[in-house]
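For reference, the structure is listed below as structure tokens.
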Amino acid sequence: MRRKLVAGNWKMHGRQAANEALIGGLRAGERDFGDVDVWVAPPAVYVGQIAGLVEDGAIGVLGQNAAAVDDGAFTGEVSAAMLADMGCCAVLVGHSERRSLFGESDAVVAEKFGRIQAAGLVPVLCVGETLAEREAGQTEGVVLRQLLAVVERFGVLSLRSAVVAYEPVWAIGTGLTAEPDQAQQVHEVIRAEVSSRDAVVASDLRILYGGSVKAANASALFAMPDIDGALVGGASLKVDEFVAIIRSAGEGSVR
Ligand code: PEP
């Protein structure tokens, strides 16, 4: 049985006081989270602050990005080892904003994936197609290309300590959500591909859906057999919304 996971991506939002209020609100509801893992991804400068605020609780800290290199002369970069040192348990890699705005190729994403695992952290590998790719019937090809860039480099067993997040680019921050069966279709393709290489890894792999998830659409998404939780952007900055999403995951958690 796969335990549900709800991860909040704060993107480049936050200030110390606002962060403290947000974490305070989440922690007030923590006992009711049920059988769900909850992670939050603050900007790197606030990782230490958030780690301090959650250390005696159940919320994990997720990095938003890590360098493709180890510590060294790389001004402005933050290594996976530093994120581990500051209390992260996992790091996002291959988020569409990193791919499109910062030019991260599949090869760079794979390199980062390896550095994150080498630092003892769980990579959350984001994959997803653009609207043009979907309309051209390339969804499956794009998603599998992004997945296999990692699998072919590190082997399918590398997915034993990883999470995959399917995030259609056209649904991120747009208010457009994939229909539950549309998302399920892609999750099923991802799991089947992994299963063709290792059935146990596939059945244990948590595949999150991301793209305008909110309290109103979360339950229907979580009811799908291959959707194991959500990567939530905008709605993770609103305590009530985020807690409601976590509760929805808890309600559908036994499978
Ligand atoms: C994200 O940032 O990964 C995301 C899914 O954002 P949003 O929920 O705002 O679409």
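Counting starts at 1 for both ligands and their atoms, in listed order. All of these numbers come straight from a predicted model, not from anything done at the bench. Counting from 1, the numbers follow the sequence of the chain as shown.
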Taking every non-hydrogen atom, the tightest pair across A162 and L205: O-CD1, 3.7 Å

Connected-component partners of V163 among ILVMFWY, side-chain separation under 4.5 Å: L5, W39, L62, L92, V122, V124, L208, L231

Members besides L176 in its Ile/Leu/Val/Met/Phe/Trp/Tyr cluster (side-chain heavy atoms under 4.5 Å): L131, W170

Proximal protein residues to ligand 1, non-hydrogen atoms under 4.0 angstrom: N9, K11, H95, E167, A171, I172, G173, G210, G211, S212, L231, V232, G233, G234

For F102, the rest of its hydrophobic cluster, which grows through side-chain links under 4.5 angstrom: L101

CZ on R3 to CG on D35, rounded to 0.5 Å: 4.5 Å

Side chain to side chain contact (heavy atoms under 4.5 Å, CB included) partner of I246, chosen from D32, V36, V232: V36

